[in-house]
Amino acid sequence: MNIQNTLENTVIDGMKILFEVDIPVIEFQETRKEFEGDLTIVVFPFLKFIKGNPFEIASKLGDFLKENSNEISDFNVVKGFLNLTISDEYYLHSFDRINNTKNYGIKKIDKNEKSVMVEYSSPNTNKPLHLGHIRNNLLGYSVAEIIAATGKKVYKTQIINDRGIHICKSMLAWQRFGNGETPESTGLKGDKLAGNYYVKFDEEYKKEIASLIAKGTSEEEAKKNAPILVEAQNMLRKWEAGDENTVSLWKKMNQWVYKGFDKTYEELGVNFDINYYESNTYILGKNIVAEGLKNGVFYKKEDGSVWIDLTEEGLDEKIVLRADGTAVYMTQDIGTAIQRFKEFPDLDSLVYTVGNEQDYHFKVLILILKKLGYTWAQHLYHLSYGMVDLPSGKMKSREGTVVDADELIIEMTDTARSISQELGKLESYTDKEKEKLYKTIGLGALKYYILKVDPKKRILFDPKESIDFNGNTGPFIQYTYARIQSILRKADFDYSKKIINMPLHQKEKTLIKLLEYFKETIYNSALNLSPALLANYTYDLVKEYNSLYQSLPILGNENLEKKILRTQISNQVGKTIKKSFKLLGIDVPERM
RNA sequence: GGCCCCGUGGCGCAACUGAAUAGCGCAUCAGAUUUCGGCUCUGAGGGUUACAGGUUUGAAUCCUGUCGGGGUCACCA
């Protein structure tokens, strides 16, 4: 219950009594800094319901509110804007409520609420995770946490693309050139090892193409007929037929890769509740296609392939089953979605965290499921995000021009280390604690940098220059948190007393207002699937706090009650930073 | 070419989904701080929100068109 909700009914009643009209929604906004007041009602929209001069309407409403509402101590009118001044008592009361609410803003999981599944990461098993995955992981994890904070049970999931020609390429190259190398024998992470052989495959493939062309084959033919590629395709067929050797090699290499992924996920601080594997799900959906064929959602072409016609919806025709009866990407996704809703009867909606190059795919997927008559299909969301580009151009894992996830994390930690060492403040820390802190700061910088941007927008990432520690950054916010902890450590008096009556400074009011707004921000972020809203809120809060910190004494105040209140505010700001960052997947240090 | 996304001071981002003089950070310049951590704070300069129309009392936001950037139109996943 915030001030707007509190006032809304009074305003509606007021308009009814004063002008005999029903106003359906009242539009509130923050009063701009250059005007007097805390909260503003925009009167212009009322003109649709009553004729009259906006200034007069606002004035009359102002009088009414001052008279009939305890929260409003004063008002003024500028054009059609009714600026309300909220009483100090209300602020103190509201602040007290925040202090007395355990975990203000975070709702406990409510069993009556429906659950949400968030899918993210979903890697291929032939190469290590890279910068693009980092954005995906951070977004998916954070959105899942944010939704959970609104009281819904959330299942985090990934679908691991563990089968297909890509993994066969790695397998084949390892078989040919690997000399029995293992992660143990080389000391390499398993995903790196597999990735190296994927690159190796591509090199060999290119060599073979070149030599075929030299012998007079056309480029197109060469690309299709290079022996190593034919061999890889052959391997995929053997895998699908269940050939023992192939399957056991596949299992072995995938295990290596999973171990590597787990390490990266752990470093990154993300996790999953359930994993799905493409090798188990790629056949799913075939029965659904058969059913859809019967009731006319799909149709069969002469060659036996099955399609859906979406031209009426302004889209194309889309294949859902190959002529030879094998499944395509879409078949699998149809099946997997249905299976998930079967496996989790409490599930209400499903969020797919996937790059925007797949916008079309998900549009079609959702449409197909709707056409098949699944009511939950209207609760499927594609959390689409823009690419992460490098100054040098696009990342290509085949060519090895990627920013590797593990390396980037190490690089960030190194940067944090060199900056922290200059600053000191860590005398009492052991080396181990220091290392942990450097990681907290380095990862904090990286995560915040990526999450503060609207997911839809693409990011140009310059690993050398992009990460800043000043301004709107993770470390800046972490620094403020650490400083607040320092104040609280020094506060050697009891500051638990409730302050009821005291004239408030404008900065105190602004902070209380912002603290109150935390809850709404979480809901907004969840609704928009956008951690960026929460990240920018946190920055605003911190900036406002720093401004108070700089200009007003906290512990040094002579008035005991002021001292108590400001310590309480500091405490609450600290808590809010911590909670908010937790939802973003970012740690916060006690000292730095 | 069809469809989708993006275009905001030199650079990087905001704007509660239609409201007051479009905010913030970096960079630049000028200041503050005997005191709670100077990775701080205060202030200045810098924008016709790509362009052209339209709707509206009111548009960065909605509609139409143009230009620029990206994506996608695979019986790959």
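These numbers were taken from a predicted model, which means no experiment stands behind them. Naming convention: chains lettered A, B, ... in sequence-line order (proteins, then strands); numbering from 1 in each chain.
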- Side chain of A:R483 - closest among B:rG23, B:rC16, B:rU40: B:rU40
Contacts under 3.5 Å, N or O only, protein and nucleotides 2-12 of chain B:
none

- Query: Across the strands shown, which category fits A:F35 at heavy-atom distances under 4.0 angstrom: base, sugar-phosphate, nothing?
  - Reply: base
- Message: Give me the distance, rounded to whole Å, that separates B:rG53 from B:rG45 when you measure between the P atoms they each carry.
- Response: 30 Å
- Taking for A:F469 and for A:I459 the nucleotide of RNA chain B with the nearest heavy atom, the one nearer the 5' end belongs to A:I459
- Syn-anti status, with the boundary at 90° from 0, for the nucleotide B:rU17: syn
- Look at the side chain of A:F476 and decide which nucleotide, out of B:rA19, B:rC41, B:rG37, has an atom nearest to it. B:rC41
- Query: Expressed as a whole number of Å, how far does the P atom of B:rU49 sit from that of B:rU21?
  - Reply: 14 Å
- Which nucleotide, B:rC36, B:rC39, B:rU17, lies nearest any side-chain atom of A:I419? B:rC39
- Task: Check whether the aromatic ring of A:F81 stacks on the base of B:rA20, taking stacking as ring centres less than 5.5 Å apart and planes within 30° of each other.
- Result: yes
- Task: With heavy atoms under 4.0 Å as the rule, sort A:L533 into base, sugar-phosphate or nothing.
- Result: sugar-phosphate
- What residues, two or more places apart in sequence or in another chain, satisfy side chain to side chain contact (heavy atoms under 4.5 Å, CB included) together with A:L365? A:M330, A:D333, A:I334, A:Y352, A:F362, A:L369
- Query: Nearest to the side chain of A:K79, which nucleotide is it out of B:rA20, B:rC75, B:rG37?
  - Reply: B:rA20
- Note on the structure: Hits for side-chain hydrogen bond (donor to acceptor under 3.5 Å, both in side chains) against A:Q4, two or more places apart or cross-chain, chain-then-number order -> none
- Side-chain contact check for A:V328: nearest option of B:rA20, B:rC75, B:rU57 is B:rC75
- Contact class for A:Q478 vs. all strands (heavy atom < 4.0 Å): base, sugar-phosphate, or nothing? nothing
Distance-only check: which donor-acceptor pairs under 3.5 Å involve side-chain atoms of residues 482-489 of chain A, not counting sequence neighbours?
residue : atom : partner : partner atom : Å
A:R483  : NH2  : A:N546  : OD1          : 2.6

- Message: Keeping A:S418 on the side-chain end and A:T415 on the backbone end, is there a donor-acceptor pair under 3.5 Å?
- Response: yes
- Partner set under ring-ring contact (aromatic ring centres under 6.0 Å, His included) for A:F44, not counting sequence neighbours: A:F81
- Applying side-chain hydrogen bond (donor to acceptor under 3.5 Å, both in side chains) to A:T440 and not counting sequence neighbours gives none
- Note on the structure: Hits for side chain to side chain contact (heavy atoms under 4.5 Å, CB included) against A:N280, two or more places apart or cross-chain, chain-then-number order -> A:Y277
- Item | Minimum-distance nucleotide to A:Y479 side chain [options: B:rU40, B:rG71, B:rA77] | B:rU40
- Any N/O donor-acceptor pair, A:D303 side-chain to B:rC75 base, under 3.5 Å: yes
- Message: Using OP1 and OP2 only, check whether a side-chain N or O of A:S486 sits under 4.0 Å from B:rG37.
- Response: yes
- Task: Look at atom NZ of A:K224 and say whether more than 12 heavy atoms of other residues, nucleotides or ligands are closer to it than 6.0 Å.
- Result: no
- Message: Using only modelled atom types and a 3.5 angstrom limit, is any donor from either the side chain of A:D454 or the base of B:rA15 paired with an acceptor on the other?
- Response: no
- Message: On RNA chain B, does the nearest nucleotide to A:V78 precede the nearest nucleotide to A:I319 from the 5' side, or the other way round? Give the residue.
- Response: A:V78
- Return no unless some side-chain N or O of A:R591 is found under 4.0 Å from OP1 or OP2 of B:rC39. no
- Item | Set of salt bridge (charged side-chain N to carboxylate O under 4.0 Å, His left out) partners for A:K562, sequence neighbours left out | A:E508
- Message: Please confirm whether the ring centroid of A:Y329 lies under 6.0 Å from the ring centroid of A:H361.
- Response: yes
- Query: Can you tell which of B:rC75, B:rA20, B:rU40 lies closest to the side chain of A:A323?
  - Reply: B:rC75
- Task: For nucleotides B:rA27 and B:rG9, find the distance between their C1' atoms and express it as a whole number of Å.
- Result: 12 Å
- Query: Counting any heavy atom closer than 4.0 Å, what does A:E278 reach on the DNA or RNA strands: base, sugar-phosphate only, or nothing?
  - Reply: sugar-phosphate
- Task: Give a yes or no on whether a salt bridge exists between A:K543 and A:D540, defined as a side-chain N under 4.0 angstrom from a carboxylate O.
- Result: no
- What integer number of Å spans the C1' atoms of B:rU66 and B:rU72? 22 Å
- Message: Strictly below 4.0 Å: does A:R322 bring a side-chain N or O up to OP1 or OP2 of B:rC76?
- Response: yes
- Item | Positions of residues 543-556 of chain A (non-hydrogen atom under 4.0 Å from RNA chain B), listed by number | A:K543, A:N546, A:S547, A:Y549, A:Q550, A:L552, A:P553, A:I554, A:L555, A:G556
- Sequence neighbours left out, what pairs pass salt bridge (Lys or Arg N to Asp or Glu O under 4.0 Å) with at least one residue falling in residues 298-311 of chain A? A:K301-A:E317
- Query: Which is true for A:A482 with a 4.0 Å heavy-atom rule: it touches a base, it touches only sugar-phosphate, or it touches nothing?
  - Reply: base
- Task: For B:rU56 versus B:rA19, give the span between their C1' atoms, rounded off to a whole number of Å.
- Result: 11 Å
- Query: Want to know the stems of RNA chain B: at least 3 consecutive Watson-Crick or G-U pairs with distances under 3.5 Å, which are they?
  - Reply: B:1-7 with B:67-73, B:10-13 with B:23-26, B:28-32 with B:40-44, B:50-54 with B:62-66
- Query: Below 4.0 angstrom, N of the basic side chain to O of the carboxylate: do A:K563 and A:E558 qualify?
  - Reply: no
- Message: Quick check for you: among B:rG71, B:rA19, B:rC24, whose closest atom lies nearest to any side-chain atom of A:E27?
- Response: B:rA19
- Message: Ignoring hydrogens and geometry beyond distance, is the side chain of A:T40 in donor-acceptor contact with the base of B:rA20 at under 3.5 Å?
- Response: yes
- side chain to side chain contact (heavy atoms under 4.5 Å, CB included) partners of A:T521, counting only residues at least two apart: A:Y517, A:S525, A:L534, A:Y537
